[in-house]
Amino acid sequence: MRFNVKVQEKIARIIGDYFTTNEITSIFSNANIKTNETLYAKWRITLDAFNKLSTEEGFFNIIEQFCHPLNFIEPQYRQKFVEKLNEILAYEFLDIVTTERTAKV
């Protein structure tokens, strides 16, 4: 993947702030990506899994899965999560566009 390491790390930290370890590993597991829970910190687990992705499309798909509205009880919580991701993705000239049912990078 061509993304800057710092961008990946910041995204991993944001995901770690919003999701439990089980939620993180489930999303990666559904995409057939093994996670290493011995890394302990949620952001490290996420960053390690990002490094196992071979394509940008795979990365986008994972981000879209994390942004899915069914992952959030409160719509405002999801909106805040997407806003934080967009602040970081702006460094790669990307952003997440959401609807009430989907999210697309």
Side-chain angles (χ1 to χ4, degrees):
M1 239 180 2
R2 69 166 180 82
F3 292 109
N4 182 300
V5 172
K6 279 300 205 187
V7 168
Q8 289 182 41
E9 181 182 326
K10 296 271 186 193
I11 290 171
R13 287 181 182 274
I14 292 168
I15 290 170
D17 288 342
Y18 278 80
F19 292 89
T20 66
T21 301
N22 281 344
E23 291 169 330
I24 291 168
T25 57
S26 289
I27 287 175
F28 283 108
S29 178
N30 288 342
N32 294 320
I33 299 164
K34 288 189 173 199
T35 55
N36 183 354
E37 293 180 35
T38 63
L39 296 172
Y40 183 67
K42 295 181 287 184
W43 74 270
R44 288 180 189 242
I45 294 168
T46 304
L47 185 59
D48 180 65
F50 281 163
N51 290 325
K52 294 176 184 173
L53 296 168
S54 59
T55 65
E56 289 179 12
E57 291 78 25
F59 180 78
F60 296 158
N61 183 47
I62 292 295
I63 297 299
E64 291 164 3
Q65 293 305 312
F66 277 110
C67 294
H68 196 281
L70 293 178
N71 289 328
F72 301 91
I73 295 171
E74 298 286 328
Q76 297 86 358
Y77 197 62
R78 175 185 182 228
Q79 181 179 354
K80 189 77 161 173
F81 174 69
V82 171
E83 287 171 4
K84 286 185 175 192
L85 288 179
N86 278 337
E87 287 175 16
I88 303 304
L89 287 171
Y91 288 97
E92 296 289 341
F93 303 103
L94 297 168
D95 68 340
I96 300 166
V97 178
T98 61
T99 67
E100 61 185 43
R101 294 187 180 189
T102 63
K104 202 75 172 152
V105 178

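Starting from 1, each residue takes its place in the sequence as its number.
- Other residues, nucleotides and ligands place more than 12 heavy atoms under 6.0 Å from the NZ atom of K52.
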Side-chain donor-acceptor pairs of residues 64-73 under 3.5 Å, sequence neighbours excluded:
from	atom 1	to	atom 2	distance (Å)
E64	OE2	V105	N	3.0
H68	ND1	L70	N	3.1
N71	ND2	Q65	O	2.7
N71	ND2	F66	O	3.4

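- Note that NZ of K6 and CG of N4 are 8.5 Å apart. Values are rounded to the nearest 0.5 Å.
- Placement of Y91 and I11 within a single hydrophobic cluster is found when ILVMFWY residues are connected by side-chain heavy-atom separations under 4.5 Å, directly or transitively.
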Yes or no on side chain to side chain contact (heavy atoms under 4.5 Å, CB included) for T21 and Y40, after CA distance, side-chain angles and deciding distance?
-> CA-CA 9 Å; T21 301; Y40 183 67; over 6 Å; no
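- Looking at residues two or more places apart in sequence or on another chain, you find no side chain to side chain donor-acceptor pair (under 3.5 Å) involving E37.
- Each of V97 and I62 belongs to its own hydrophobic cluster when Ile, Leu, Val, Met, Phe, Trp and Tyr are linked at side-chain heavy-atom distances under 4.5 angstrom.
- Between the side chain of N86 and the backbone N or O of D95, no donor-acceptor pair lies under 3.5 Å.
- Here the straight-line distance linking atom CD of Q8 with atom CD of E92 works out to 8.5 Å at 0.5 Å rounding.
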Just do the side chain to side chain contact (heavy atoms under 4.5 Å, CB included) check on R78 and T98 with the steps written out, would you?
-> CA-CA 10 Å; R78 175 185 182 228; T98 61; 3.5 Å; yes
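- Under the 4.0 Å criterion applied to side-chain N and carboxylate O atoms, R13 and E9 are assigned as salt-bridge partners.
- The shortest non-hydrogen separation linking L39 to D48 is CD1-CB, 3.5 Å.
- For the atom pair CD of E74 and CD of Q79, the computed distance is 12.0 Å after rounding to the nearest 0.5 Å.
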Let me have the donor-acceptor pairs involving side chains of residues 26-35, under 3.5 Å, with sequence neighbours excluded, atom names and distances please.
from	atom 1	to	atom 2	distance (Å)
S26	OG	N22	O	2.9
N30	ND2	S26	O	3.3

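- Between the K42 side chain and the F19 main chain, a donor and an acceptor come within less than 3.5 Å of each other.
- E23 and Y18 get closest at one heavy-atom pair: OE1-O, 4.4 Å.
- For the atom pair CG of N36 and CZ of R44, the computed distance is 11.5 Å after rounding to the nearest 0.5 Å.
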Evaluation steps, side chain to side chain contact (heavy atoms under 4.5 Å, CB included), between W43 and I15 | CA-CA 7 Å; W43 74 270; I15 290 170; over 6 Å; no
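- L94 CG to I88 CD1: the interatomic distance, rounded to the nearest 0.5 Å, is 12.5 Å.
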